[in-house]
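Input: a single structure, listed below in structure tokens.
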Amino acid sequence: MIEATILIIDDEPPIRRLLDITLSAQHYRVMETGTARDGQIAAAMHPPDLILLDLGLPDEDGQALLLKLREWYSKPIIVLSARNMEEEIVQALDHGANDYLTKPFRTGELLARIRSALRVSRQEENNPVREFGNLRIDLVARQLRRNNELVHLTATEYALLLLLVQNEGRVLTHQFILREIWGAPYSTQSQYLRVYIGQLRKKIENNPNQPVHIITASGVGYRFSGSSL
Amino acid sequence: MQNRSNTTAQFISSIVSVTGVGSVCYLFSDFIGYRSVALILLLTVSLLAMRLRLYPVLLAALLSALIWDFFFIPPRYTFHINSYEDVLMLAMYFIVALLNGVLTARIRFFEKLAREKEAKHQTLELYDTLFDALSHELRTPISTILGASDHLLSEDKNLPDKDRKSLVLEIMHASERLNLLTENLLNMSRLESGFIRPKADWCDLSELIYTVVNRLEDSLSTHRIQVSLPENLPLVKLDFGLTEQVLHNLLINAVKHTPQNSLIRISAHAQQQQCTIEVSDSGNGFADTDLPHIFEKFYRSRNAGPGGVGLGLSIAKGFVEAQGGTITVESLPGTGAYFRISIPAELNYLKPENDD
């Protein structure tokens with residue numbers, strides 16, 4: 001079994017060691033660098049399947065590096081940040097990060113996010129039927145089945161679900177979702193998003209109060225998780 | 001800037017008071033002797049000296065001397081003075097008025113010094129308690145981590161797997177404690193620096209409450225959690241992150257101070273531009289002597305167990321007040337503590353339309 005290659009760009013040796021041990025134990029190939037410059041070179045020489053990027057690097061702002069990487073690198077980038085600032089996280093997501101974790105994070109959580117991000121980037125884009133645990137979405141018939149029962153979705157609900165599903169594992173900011181579904185003039189009208197997310201959860205989650213598919217990223221946005229544990 | 005406008009105000013009030021009192025005396029100058037006017041003006045300057053700074057008082061002294069001389073001392077409406085007695089009076093008036101101003105200013109200067117010294121003393125005392133509490137809160141988990149990892153590294157062959165695991169668990173719990181403390185200290189410094197600018201946005205209260213409850217799943221597992229929300233709860237416009245942290249701190253507090261398996265209730269409602277979240281527990285509540293102080297920084301109630309430096313609740317209060325809200329606590333014997341957060345917020349009863 002060939003596991004994916006993961007590039008770690010973090011200036012803290014203990015964190016790199018921890019990540020190295022954790023990821024190697026899961027049979028990922030690990031490359032690690034401690035500076036933005038080395039990270040960029042490593043990524044260009046041996047393009048990895050996923051990058052774990054720490055935002056606080058000694059030689060260059062992590063956000064700037066993120067922008068540079070996104071000029072050519074399209075596979076998942078998960079941002080690690082020691083500062084739990086909503087603005088910084090939203091900026092990283094706007095700059096093309098797929099997901100973020102704030103330090104300290106649990107390795108279990110990290111591995112779940114990595115799996116989810118890699119799963120998506122490998123997925124067959126052309127498969128018209130997508131399955132997530134007890135959910136089955138038929139993209140051609142525009143139908144959702146939950147536990148094999150047809151679930152009626154309104155046009156907006158379906159559009160929202162589709163957007164989330166097509167960006168599985170990726171944190172979508174409130175603004176982004178509002179622009180995509182309701183259009184630019186609505187990008188600050190978050191009340192629509194709140195109501196429709198609540199509504200959608202009632203239709204697709206087993207327990208809408210403990211959602212496993214539509215995950216809240218506090219103050220930032222929403223993330224669709226395909227696995228239903 | 002503010003200081004300068006304040007000084008200008010002082011000069012203006014000095015001029016206005018003296019000319020005002022002078023005018024009133026002038027109106028009655030036919031009924032009162034001009035020497036009584038000197039005493040009235042002197043009284044005015046003395047009163048000003050109690051309130052104003054040195055230079056405005058000196059101005060009042062000078063101005064009142066001139067007014068007295070020009071309008072009252074015969075011959076009136078000239079600065080000329082006929083009798084030597086009146087010259088002496090005027091000179092003495094001026095000196096007394098000046099002394100008045102200078103002495104009062106000095107007294108106030110020393111009072112200020114004494115106040116500053118007292119404040120410094122209180123700050124030092126606060127720092128002492130703070131450092132005591134902090135060094136204890138930091139050293140305990142660090143000792144645990146060092147001790148446990150030392151033991152694990154020693155490769156003691158006799159150490160059963162069960163103990164090995166419990167040492168690792170100790171390391172984990174100690175780290176969590178350090179993490180919580182760090183979060184609290186960072187949040188407190190955010191509050192103290194005035195760095196908090198609430199960003200109100202539409203929130204689904206149910207989503208907010210369950211996000212906190214789900215995230216705290218592990219910590220709350222020792223207790224029973226009951227969430228009761230009314231149907232048709234409107235959306236409320238408030239800062240999701242700050243409000244989340246408030247609820248987080250209240251729940252951590254409730255878990256820490258109530259016996260295992262006891263019930264913690266969370267409820268919320270919103271009406272009339274007001275959003276209310278309530279957290280009540282079925283513990284022993286707070287002692288009457290603790291109640292007025294529990295939101296104070298670094299205050300820890302007498303019967304609080306180990307752990308904590310008394311920051312959680314004061315951060316909760318700070319985050320609620322940053323949003324213009326209030327937090328109150330009640331405690332009745334036998335019913336536990338009851339926290340109530342009220343935040344003024346726009347409400348929205350938006351319903352998803354049937355769009356097909």
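Numbers restart at 1 for each chain; the letters A, B, ... are given by sequence-line order, proteins then strands.
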Next on the checklist: Looking at B:Tyr338, I want to see if its OH is surrounded by more than 12 non-hydrogen atoms of other residues, nucleotides or ligands under 6.0 Å.
Outcome noted: yes
Item to check | Nearest atoms (heavy-atom pairs only) where B:Asn214 meets A:Asn209 | outcome: ND2-O, 2.9 Å
Checklist outcome for this item: Between A:Ser218 and B:Phe240, the two heavy atoms sitting closest are OG-CE2, 3.6 Å
Checklist entry - Of the non-hydrogen atoms in B:Leu350 and A:Val195, which two are nearest, and what is the gap between them? => result O-CG2, 3.7 Å
Checklist entry - More than 12 non-hydrogen atoms from neighbouring residues, nucleotides or ligands closer than 6.0 Å to CZ on A:Arg145, yes or no? => result yes
Item to check | chain B-proximal positions within residues 85-95 of chain A [heavy-atom distance under 4.5 Å] | outcome: A:Met85, A:Glu86, A:Glu87
Checklist entry - B:Glu207, B:Glu244, B:Lys199: which one forms the most heavy-atom pairs within less than 4.5 Å of chain A? => result B:Glu207
Next on the checklist: Quick check for you: to the nearest 0.5 Å, what is the distance between A:Gln210 atom CD and B:Thr211 atom OG1?
Outcome noted: 11.0 Å
Item to check | Per-residue contact mode, B:Glu176 against chain A (heavy atom under 4.5 angstrom) | outcome: side chain
Item to check | For the student: nearest non-hydrogen atoms of A:Arg194 and B:Cys203, plus distance | outcome: NE-CA, 4.1 Å
Checklist entry - Just wondering, are more than 12 heavy atoms of other shown residues or ligands nearer than 6.0 Å to CZ in A:Arg136? => result no
Checklist entry - Does CZ in B:Arg139 sit with more than 12 non-hydrogen atoms of other residues, nucleotides or ligands closer than 6.0 Å? => result no
Next on the checklist: Heavy-atom pairs under 4.5 Å with chain A - which of B:Ile209, B:Asp201, B:Leu186 has more of them than the others?
Outcome noted: B:Asp201
